[in-house]
Structures are given as structure tokens and as C-alpha cells.
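In what follows, a structure is listed as C-alpha cells, so that the remarks can point back to it.
Values reported hereafter were calculated over all heavy atoms of this structure, with side chains retained and with hydrogens, waters and symmetry mates removed.
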Amino acid sequence: MNQSVIFNELVRWVDGLDVVEFTAQQQGNLIRCQVSRRYLQQFSAPKLVGADDTIEVFEHQRFGLEEMAEALITEEAFDSQGNICTSSDLI
């Protein structure tokens, strides 16, 4: 794991965007990472209804999502707003 990318425990639901947002730091820069409810749905048998359900699924998949985000950060695959989106179906 690249030690220059550090993830913290903060996770929040962004209702207007329908994403879970988590953050990383690299060389002192805060990087917002987002994963959509639609992407997380593939890891859940019942349909994800609320923010709490979606965050719970995120927490179960956190390690893999952080690895994916770290790879994208290393590749400098930022979107137009400077965010990292952990799947292609994100905004």
C-alpha cells in the first residue's frame, strides 16, 4: 500500500449526488472520493433504500474501495472537480 495516501474514518452521504463520500490525504492535500449508491448496490442483496443502508454496505466494502481510490489517486485520475470517483458510473 502506498503510504503517501492516507484515508481517514470520515464517511458521509451526499443526498443530492446519491453518493457516499470519503476522504484521503496525499502530501497534505485533502481528496474527496465518491462512490455511488448504484455501484454499492452490487454488494447488497436487498435494494439499498436509505443513506444508512448504503453507508453500511460501504463500510463492509471499505478496504477494497480504498484500494481502488488509492490506485486512481496514484494515476491522478481526478474528475473535473478534483474528486476521485471509484467507478465509471459516477458523476
Side-chain angles (χ1 to χ4, degrees):
M1 179 177 262
N2 183 347
Q3 293 299 316
S4 68
V5 178
I6 301 168
F7 292 91
N8 61 40
E9 297 299 314
L10 299 175
V11 175
R12 72 182 188 111
W13 174 251
V14 183
D15 194 38
L17 300 177
D18 209 28
V19 299
V20 172
E21 186 172 271
F22 57 108
T23 57
Q25 283 191 319
Q26 182 185 42
Q27 299 175 354
N29 296 314
L30 187 65
I31 302 166
R32 293 184 312 166
C33 305
Q34 299 172 337
V35 60
S36 71
R37 178 194 319 243
R38 182 174 147 196
Y39 183 78
L40 290 170
Q41 182 63 55
Q42 69 183 313
F43 303 108
S44 177
K47 184 176 182 192
L48 297 175
V49 178
D52 291 339
D53 294 339
T54 307
I55 289 174
E56 183 177 338
V57 171
F58 169 84
E59 291 294 350
H60 287 290
Q61 300 299 321
R62 180 188 277 272
F63 183 74
L65 293 167
E66 287 179 352
E67 282 188 332
M68 189 184 310
E70 181 177 351
L72 292 168
I73 290 167
T74 301
E75 295 169 12
E76 297 183 9
F78 299 99
D79 68 10
S80 62
Q81 297 169 341
N83 300 326
I84 291 293
C85 298
T86 57
S87 103
S88 60
D89 70 305
L90 297 180
I91 38 182

Side-chain heavy-atom pair Leu40, Leu65 within 4.5 angstrom cut-off: yes
Set of residues satisfying ring pair (Phe, Tyr, Trp, His ring centres under 6.0 Å) with respect to Phe43, sequence neighbours excluded: Tyr39
Any residue meeting side-chain contact (heavy atoms from CB on, under 4.5 Å) with Gln81, in chain and number order, not counting sequence neighbours: Asp79, Asn83
Cys33 to Ile73 - nearest heavy-atom pair and separation: SG-CD1, 4.3 Å
CD1-CD1 distance between Ile31 and Ile6, expressed to the nearest 0.5 angstrom: 10.5 Å
Side-chain donor-acceptor pairs under 3.5 Å in residues 7-14, sequence neighbours left out?
| residue | atom | partner | partner atom | Å |
| --- | --- | --- | --- | --- |
| Asn8 | OD1 | Leu10 | N | 3.0 |
| Asn8 | OD1 | Thr23 | OG1 | 3.0 |
| Asn8 | ND2 | Thr23 | OG1 | 2.7 |
| Arg12 | NE | Glu21 | OE2 | 3.0 |
| Arg12 | NH2 | Glu21 | OE2 | 3.1 |
| Trp13 | NE1 | Asp15 | OD1 | 3.3 |

Atom CD of Glu76 with >12 non-hydrogen neighbours under 6.0 angstrom: no
Distance, nearest 0.5 Å, that separates CD1 of Ile55 from CZ of Arg37: 10.0 Å
Selection residues 56-65 - residue pairs positive for side chain to side chain donor-acceptor pair (under 3.5 Å), sequence neighbours left out: Glu59-Arg62, Arg62-Glu66
Student check: side-chain heavy atoms of Arg38 and Asp18 closer than 4.5 Å: no
Heavy-atom closest pair, residues Val5 and Ala24: CG1-CB, 4.1 Å
Nearest heavy-atom neighbours spanning Val57 and Ser44: CG2-CB, 3.9 Å
Phe22 side, atom CZ; Gln34 side, atom CD - distance, nearest 0.5 Å: 9.0 Å
